[in-house]
Amino acid sequence: FQVAINYRMGAVWEVPLGDCHMKMTDVHDAKNPYDLSFGIIETNSGTSMVELAGQESLYDAEACQLILNTYMRLLQTFTKTPTLRVQDCRLNDPSDITSALMVGRGPRVKFEWPRTLAQRMQLIFGTYGPDVAVKDQFQSLTYTELEERVNVIAGRIREVQCRPGSRIAVLCEPSVDFIAAMLAVLHVGALYVPLDVSLPFTRHGSMIQSCQPSLLLCHAATEGLAENLTGDAGYALPSVRIDRIQANQELVPCLAEPDSPAILLFTSGSTGMPKGILLSQANFVNHLALKAQALDLQQESVLQQSSMGFDMSLIQTFCALANGGTLVIAPIEARRDPVEITQIMLRECIGLTIATPSEYLMWLRYGTGSLEKHFSWRHACMGGEPVSDQLKGEFRRLDLPSLTLTNCYGPTEITAAATFQRISLRPNETAESPHAVGKALSNYSVCILDREGQPLPVGMQGEICIGGAGVSLGYLDL
């Protein structure tokens with residue numbers, strides 16, 4: 001980083017020349033290799049003119065103006081208070097900070113949803129009873145049948161003395177069983193811990209050791225794996241095979257609390273040991289309600305193809321179930337097969353998908369034959385990676401008039417996403433940056449902080465800080 005300062009002493013704008021005056025009307029400084037160049041010129045009135053030039057490859061006009069404004073503000077501050085210490089000086093104008101905070105503040109909305117997912121599902125069960133709620137490759141359940149199945153599992157959970165707040169791990173292949181088990185855990189107010197079968201045994205073991213669940217739910221396909229996990233747990237970890245539970249006629253009361261720990265999701269561990277993120281049912285209610293409003297979700301058919309331990313899987317699940325739609329669960333052997341996935345989408349008339357840009361690129365590359373005929377596809381939501389021009393070009397070639405692309409930004413710690421960015425597929429529109437993430441969603445706030453944790457004005461780089469209704473309860477045991 002190099003900065004040049006050229007201070008021209010003496011008034012050079014207008015000087016006497018014999019019985020005349022010579023007045024400078026225009027100046028073109030010599031080009032120099034510095035990143036930034038300040039020019040300071042004294043005038044006859046005793047003031048000075050300050051100008052700033054920057055390398056075009058590094059700074060645009062807006063950035064130069066921001067730097068110049070900051071420099072002038074520093075001059076004014078130290079002129080007024082020469083004894084002010086550098087560390088006590090505010091680099092940015094408070095009004096610019098206030099403006100940035102307002103820009104990053106999403107609308108404050110009170111959604112007419114119950115405060116827990118379990119209570120929302122009670123309303124959905126009563127409203128959409130005969131409609132198909134969930135289907136996998138072997139079976140499908142209506143909302144009435146799903147409610148009965150959830151009640152049976154919840155009753156068994158209560159029989160083994162699990163209480164609200166108990167940690168319950170679910171180890172099932174992607175299936176109707178997994179969804180019913182998850183809903184039962186949430187219904188009794190316990191902490192849901194998903195164990196995705198695609199993860200290695202050692203990873204499952206470390207998750208068990210980390211959270212010490214009170215119960216492990218499995219089904220026929222995972223019974224052997226569950227036995228190995230309970231044997232290696234190092235403590236008495238009971239397991240229940242949920243497809244063997246006898247029907248229960250007694251109605252199990254809903255004990256869910258909105259702000260209690262309800263869902264435990266582990267990070268990938270790419271930066272060290274995996275950390276467990278504690279999320280509440282209220283966290284997810286806010287996100288799902290705002291998503292339903294923002295995308296105008298109705299009774300959607302939604303594809304569930306993401307890892308069951310990934311927050312995307314929960315959003316896929318409840319975008320269907322919490323709106324009376326149908327959740328279509330892709331078989332485990334089809335999840336990495338873009339041809340099979342796109343055939344499922346066409347066959348099941350999937351209206352909403354949520355995936356990473358990399359997944360979409362694979363679907364579009366190998367499943368075009370199915371997707372170009374998929375006129376019922378309304379929403380393609382994505383997140384986790386930049387949205388490339390190549391991906392937008394592939395979507396554009398499908399020429400599906402009803403399809404809307406939405407980029408969703410946010411880490412798991414703030415419940416799936418804090419901003420949405422609609423992605424235009426019109427070829428003549430100004431292209432968005434691949435890193436554009438849109439504006440803050442309802443009941444969220446986003447600001448950019450400097451190294452000292454202080455907010456920055458619009459247009460400056462720093463650390464993203466997210467607040468609001470989706471912020472998690474923290475990390476497990478931290």
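Since the structure is predicted, the reported quantities are computational estimates derived from the model, not experimental observations.
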> Are a donor atom and an acceptor atom from the side chains of R120 and Q122 found within less than 3.5 Å of each other?
Replying inline: no
> So which heavy atom on L352 is nearest to which on C319, and how close?
Replying inline: CD2-CB, 3.6 Å
>> If you compare all heavy atoms of I341 against all heavy atoms of Q305, which two are closest, and at what distance to 0.1 Å?
In response: CD1-CB, 4.1 Å
>> I need the minimum non-hydrogen distance between L237 and S214, along with the two atoms involved.
In response: CD1-C, 3.9 Å
> Any idea how Y192 and F178 line up, ring-wise: parallel (<30°), tilted (30 to 60°), or perpendicular (>60°)?
Replying inline: perpendicular
> Strictly by modelled atom types, are S206 and Q209 linked by a side-chain donor-acceptor pair under 3.5 Å?
Replying inline: no
>> Does atom CD (Q87) have a neighbourhood of more than 12 heavy atoms from anything else shown, all under 6.0 Å?
In response: yes
>> My understanding is that only one of D131, N323, T326 makes a side chain to side chain donor-acceptor pair (under 3.5 Å) with Q299; could you say which?
In response: D131
>> Using the rule given for side chain to side chain donor-acceptor pair (under 3.5 Å), can you reason through D96 versus S99, listing the C-alpha separation, both sets of side-chain angles and the distance that settles it, and then say yes or no?
In response: CA-CA 5 Å; D96 292 338; S99 176; over 6 Å; no
> Taking it one step at a time, do I466 and Y409 satisfy side-chain contact (heavy atoms from CB on, under 4.5 Å)?
Replying inline: CA-CA 11 Å; I466 300 173; Y409 169 76; 4.0 Å; yes
> Minimum heavy-atom separation for L195 to A169, with atom names?
Replying inline: CD1-CB, 3.9 Å
> Should the heavy atoms of other residues, nucleotides or ligands under 6.0 Å from CZ of R336 be counted, would the total exceed 12?
Replying inline: no
>> Please check if the number of heavy atoms outside R90 that lie under 6.0 Å from its CZ is greater than 12.
In response: no
>> Between E413 and K275, does the salt bridge (Lys or Arg N to Asp or Glu O under 4.0 Å) criterion hold? Intermediate values first, please.
In response: CA-CA 11 Å; E413 286 87 342; K275 296 192 291 290; 5.8 Å; no
> Sub-3.5 Å donor-acceptor pair from the side chain of R347 to the main-chain atoms of M345, do we have one?
Replying inline: no
> Between the side chains of N283 and Q281, does any donor sit under 3.5 Å from an acceptor?
Replying inline: no
>> For Y128 and Y143, take the angle between the two ring planes, folded into 0 to 90°, and tell me which bin it lands in: parallel under 30, tilted 30 to 60, perpendicular over 60.
In response: tilted
>> What verdict does the side chain to side chain donor-acceptor pair (under 3.5 Å) test give for R396 and S424, after you've listed the backbone C-alpha separation in whole Å, the side-chain angles of each residue and the deciding distance to 0.1 Å?
In response: CA-CA 9 Å; R396 193 176 294 121; S424 174; over 6 Å; no
> What pair of heavy atoms forms the shortest contact from E173 to T222, and how long is it?
Replying inline: N-CG2, 3.8 Å
> Judged by modelled atom types alone, do E385 and S358 share a side-chain donor-acceptor pair under 3.5 Å?
Replying inline: yes
>> Minimum heavy-atom separation for L290 and H287, please, with both atom names.
In response: CG-O, 3.3 Å
> Does a salt bridge link R241 with E227, judged by any charged N lying under 4.0 Å from a carboxylate O?
Replying inline: no
>> Could you check whether atom CD of E463 has more than 12 heavy atoms from other residues, nucleotides or ligands sitting under 6.0 Å from it?
In response: no
>> Using a strict threshold of under 4.0 Å (side-chain N to carboxylate O), is an ion pair present between E300 and R378?
In response: yes
> Does a salt bridge link D337 with R335, judged by any charged N lying under 4.0 Å from a carboxylate O?
Replying inline: no
> Looking just at side-chain N and O atoms, do D243 and H219 make a donor-acceptor pair shorter than 3.5 Å?
Replying inline: no
>> Counting only heavy atoms not in F111 (residues, nucleotides, ligands), do more than 12 fall under 6.0 Å from its CZ?
In response: yes
> When L171 is tested against each of L216, D196, L217, V193 for side chain to side chain contact (heavy atoms under 4.5 Å, CB included), which residue passes?
Replying inline: L216
>> If you count heavy atoms of other groups shown closer than 6.0 angstrom to CD of Q461, is the number above 12?
In response: no
> Where does the angle between the aromatic ring planes of W363 and Y360 fall among parallel (under 30°), tilted (30 to 60°) and perpendicular (over 60°)?
Replying inline: perpendicular
>> We want to know whether N69 and Q65 form a side-chain donor-acceptor pair, criterion being a heavy-atom distance below 3.5 angstrom.
In response: yes
>> Quick check on Y235: does its OH atom have over 12 non-hydrogen neighbours (other residues, nucleotides or ligands) under 6.0 Å away?
In response: yes
> Salt-bridged, E257 to R115, with N to O below 4.0 Å?
Replying inline: no
